[in-house]
Structure formats: structure tokens, C-alpha cells
Amino acid sequence: MKVQSLKGFRDYLPEEMLQKDRMLDSVRQVFERHGYPPLMTPALEYSDVLLGKYGDDGEMLLYRFRDHGDRDVAMRFDLTVPLARVLAEHGEITFPFRRYQIAPVWRAEKPARGRFREFVQCDVDLVGVDSAAADAEMLVVGTAVMDQLGIEGYQIRVNHRGILAALCRLVGLTQTGEVAFLRLLDKLDKIGADKFRSQVGEIPGIDPAGVDRVLGTVLEAPEDSRQVLEHLSTTIGNDSVAAEAIARMEAVQVLLEASGIAASCRIDPSIARGLSYYTGLVYETYLDALPGFGSVMSGGRYDGLLGMFLGKDVPAIGISLGIDRLFAALKELDLLDSRTQPADVMVAQFSEELAGASFGAAAQLRRAGIHTLVYPREVKLKKQLQYAQKAGIPFVIVIGGDEQKAGTVQFRSMEQGQQEELSLTEAIEKIAQTRCRDAK
RNA sequence: GUGGGUGUAGCUCAGUUGGUUAGAGCGCCAGUUUGUGGUAUUGGAGGUCGAGGGUUCGAGCCCCUCCUCCCACCCCA
């Protein structure tokens, strides 16, 4: 037997899981604070439900097999297509429909740094509304998540499919070649203008005359979002689709400014995601410190996808956060909360005879809502304190013979190295005051 | 999936032109005389050298195959 987890799949040991759960709690809180309730769907879907939604490339990455009833099934590849299935299957749902879903998805890709075959996505979607308010709301939620996670130095780069369509038209592409062109455009800042020019020339049907205008539009885009919009309307504003996109982004920009998050969102005409089903706004989030790590949170407007099951177009917009990638990034940057124990306080076990006193105190602490751990056997105090210190437990309570007689406890702050004799009630108050656990 | 690298104690790594019982630091465990941590000090446990085959009198070191992880391409959360 090979004792090894599958390639691209990973374990989270308790210490890491505590950190990951703290992140997930934050994400959940932010979603609910913005009025989104949770949805849960199965890990497995009929293959038909998932097939034909991700393009040929995506389809090859599905984990697909036959179950014991010989049903052709596949593991969910994302959370958006299952959402579409739910909307089509449950006629009682009315719009606008909001939901969030935090769940693992599976993709049989080649694993790499920050890329796994099993990873948890955190999705919020707003279905049934096509408006600047809906667009802006996604960015409001997205920035709130990043802020709640304590992440400084990130940028949500925002674009619109209408801009991309106009750029394609500049080089004479309408349908064929668009995908190849947009892929190159997406890599523009990586490969540079010269490589872009030479590689773009190989796309069949391309009109080289427009390439410089595209480069001018993208490369000369200013930093400031407002200025980008002005720049875009002078360069491609005569294109009616682009004009519409610019107008929408202007309306969104007003709401971002009103929300105080405009600084975190930057309009960037080279963001080309949305090769599959995106129809309007698209966005990707990069960490300033790890630009090569890939997007940690992205999404966009997809007004056509839900119609595949419903038989009519339903506008929708969503955003998806990859918690495992973000976790890996924060770990690399050493930005994760270092606490490795959920306990606020450890009650030492002074002696076997006094174990009862420790258990009694622990019971009272827990009744007061304090996360409490009792050292599980009688060893010298030195050992017990060492354990508390290594585990990052901030307080230790010792009840020895003297304390038991006096009805008190020794209350020690591990961080400050100070100790005082208190009543248990006083100790409980002290812990409740100082601990900085997030309120549930 | 393609190309390049990598793989030695729990972790980070050393290991000389192939030559006897494979090392260090950190971590772990136990002491430094018995009611208290982070420092110091002493001792200890722990490795079929990624797996399998081959060359050789002899392989951690050379060759082949497979696997892992890393980097690039590709794609994405």
C-alpha cells in the first residue's frame, strides 16, 4: 500500500485547519452581512448537467465516472453551473435571487503553486438583475471580504466584455480568432508589446492595421479609473458596444466611489477573462505581494449561462474566491494568524487528587463561553506551561492545594508572564475582556 | 499534457574523485533534586538515503524506469 494522498489533493492538519476555518468564518460573515444566505448542492451531478458548459478544455478536466447504478456522473467543477441547475429545478425561486455557497470543487488539472485539484470556492451571485447597482454590489462584497480577511495590498482589476469586443473589432475579428486574440491580450503585460505584435500577427483573419490602436488603448490607459474611462471613450467610444460598456462602468464607478472602495478597484482594459460565458463586467483580484500567484478572487456578469437550463436568459453576476489559493498565498507571506489552539485558557492539572478541581473550574469556564482545555494528565507544571506556551494558549489557570482551600486560582498570563491569585469569577472576567476572538 | 530541475531524520539541509557502524542545525523526548513557560546546559530517540531494477568487489553518490515536489508553457480559484 502506498501511504500518500492524491496529487493535487491536500490535508489540512489541525493547526492549519484552524487558520483556514477562521478565514472561512470571516468570508461567511461578510456574505451574510451583505444579505446573502447560503446554498448547498451535491458534490456529484449528472454529467449532462456539467457537460458543454466549460468548453472542450474544461470538459477534459472533469472528474467523471459511472456510479454503482451505472449513472454517468461527474464531480462539480465550479459552483455556478450547479446554481443554474438549482434555479431551473426549483420553480419556486423568485428573482432577484441572492445566495452564497462555500464548497469544494474538483478539477483534474496539473497542480502547481497555488493550484489544486480539490479546492474550496466561496461564491456569491446575484441573479435576475442587470444593473450597475448589481455590478457594483459584487465589488462591494469582494472588497469587504478581502478587508475582513485583513489583506492589505490587493487590486481588483475590472474590465467589460464590451470593451474587449470593441478591441476585437479594431483588429477585424468578430468570431473566429477572438479567443486567441484575447488570450494574448491578457498576457500583454507579461510578454510585452513586441512579442504581442509578432504573435498576434499569426492569428488568421487579423487586420494588423488595428493592432497599434489596440496597444494604444490598452498600454496608454492611465492608472486612475475615471481617466481610463475617458481614455477609452476617446479611443473606442465610437463603437456602440464599447460606448455602452463605458457608460455602465461609469455608473458602477459612481457607486464604488460612494461605497469608498474605488481605490481597490481599477479599470484595466487588458483583463480578458470571460472567454467562456461572461457577457458584461469581469474582474480578477491580484495580491500586490504575489502577482504571479494568479487571481485569488474573480468573476463577472454572465447573462447567458443560466438560460441553458431555464430556456430563457436570466441576467446574473457573481464573484468567486479561491480560499485554498489565498490560504497558500497568505501562508507564503506569513500573514496567517499564528494561534494553533482554539483554547483561550488551559487549566493545569496539579495532581491527580486535584483533577476534580480542574475539571470543575473548566466546566465553569466553558459555561461562560470560554474555550477551555484541561491538561490531560498529571505532569510537572513546567511541562504543562511549556505546552501552553507552544500551543499559543494565552492564559493558564493552576489550582493547587492552597488555592483549593482558599477557593481561588492562580491566573497566569503567558504573554506577560504575570501571575495573580484570583477567584475563578474574576479570572473569567479577565479572559473575557482580553480575548480577541471574533464574535460569532 | 510538454520542457528543465529536485527528492538524505518531523523540518531546513551537508555528505568530498563511488570505499568501513550516513551527519549538522532546528524540532521532539528526558534530566539539571521535587508549586511555574519562553533563555542556558546535559543526555536520548529518530533515517530500508523517494520506489523498483541495473553497473560494480563495493552505490546516498553512476545508468534506466516509475513516483513526488518545484520552475516555465498552458489554463485557472
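Sequence lines set the chain letters: A, B, ... in the order given, protein chains first and strands last, and positions in each chain run from 1.
In summary, E16(A) and K331(A) engage in a salt bridge, as defined by a charged side-chain N under 4.0 Å from a carboxylate O. Comment: R117(A) does not engage E109(A) in a salt bridge, judged by the lack of any side-chain N to carboxylate O separation of less than 4.0 angstrom.
Because its NZ or CZ atom is both nearer than 6.0 Å to the ring centre of Y36(A) and within 45° of the ring axis, R98(A) counts as a cation-pi partner of that residue. In this structure, K20(A) satisfies the cation-pi test against Y12(A), with its NZ or CZ atom closer than 6.0 Å to the six-membered ring centre and inside 45 degrees of the ring normal.
Here the separation of rC67(B) from rG5(B), taken at their C1' atoms, is 16 Å to the nearest Å. Distance check on atom P: rG53(B) versus rC70(B) gives 28 Å, rounded to whole Å. Nucleotides rG38(B) and rU33(B), compared at atom P, are 14 Å apart to the nearest Å. The C1' atoms of rG58(B) and rU68(B) are separated by 29 Å, rounded to the nearest whole Å. Spacing between rU21(B) and rG47(B) at atom C1', rounded to whole Å, works out to 14 Å. Between rC57(B) and rA72(B), the distance separating the two C1' atoms is 44 Å to the nearest Å. Between rU16(B) and rC63(B), the two P atoms lie 15 Å apart (nearest whole Å). Across rA9(B) and rG27(B), the matching C1' atoms stand 11 Å from one another, rounded to whole Å.
Here E109(A) lies in heavy-atom contact (under 4.0 Å) with a base. In this structure, D324(A) reaches neither bases nor backbone, as no heavy-atom distance under 4.0 Å exists between it and the strands shown. At a threshold of 4.0 angstrom between heavy atoms, the contacts of E415(A) include nucleobase atoms, whether or not backbone atoms are also involved. Using a 4.0 Å heavy-atom distance criterion, E118(A) is classed as making no nucleic acid contact. The residue S413(A) sits close to a base: some heavy atom pair falls under 4.0 Å. Among the protein residues, V398(A) comes within range of the nucleic acid bases, having at least one heavy atom under 4.0 Å from a base atom. Note on Y387(A): nothing from the nucleic acid sits closer than 4.0 angstrom, heavy atoms only. At a threshold of 4.0 angstrom between heavy atoms, the contacts of R113(A) are confined to the sugar-phosphate backbone, with no base atom among them.
In this structure, K7(A) does not reach the rC67(B) phosphate: none of its side-chain N or O atoms is under 4.0 Å from OP1 or OP2.
Looking at heavy atoms from C-beta onward, F411(A) lies out of side-chain contact with V396(A) at the 4.5 angstrom threshold. In this structure, the side chains of F119(A) and V105(A) come closer than 4.5 Å at one or more pairs of heavy atoms.
One cannot find a donor-acceptor pair under 3.5 Å joining the base of rU36(B) and the side-chain atoms of K383(A). With hydrogens and angles ignored, no donor-acceptor pair closer than 3.5 Å exists between the side chain of Q419(A) and the base of rG35(B). Side-chain atoms of R107(A) stay outside donor-acceptor range of the base of rC76(B), with no qualifying N/O pair under 3.5 Å. Judged by atom type and distance alone, Q410(A) does not reach the base of rU36(B) through any side-chain donor-acceptor pair under 3.5 Å.
If F9(A) and L321(A) are placed on RNA chain B by their nearest nucleotide, the residue sitting closer to the 5' end is F9(A). The residue among D402(A) and L6(A) whose nearest nucleotide of RNA chain B lies closer to the 5′ end is D402(A).
When each of rG31(B), rA72(B), rC28(B) is scored by its nearest atom to the side-chain atoms of K380(A), the top-ranked nucleotide is rG31(B). Of all nucleotides listed (rC29(B), rU36(B), rG3(B)), rG3(B) comes nearest to the side chain of K110(A). The side chain of E403(A) has rG35(B) as its nearest neighbour among rG35(B), rC28(B), rG37(B).
Across all strands shown, the partner of rG43(B) is rC29(B), judged by Watson-Crick or G-U wobble contacts whose two distances both fall under 3.5 Å. Across all strands shown, rG52(B) forms a Watson-Crick or G-U wobble pair, both distances under 3.5 Å, with rC64(B).
Between Y63(A) and F77(A), the ring center distance fails the sub-6.0 Å criterion.
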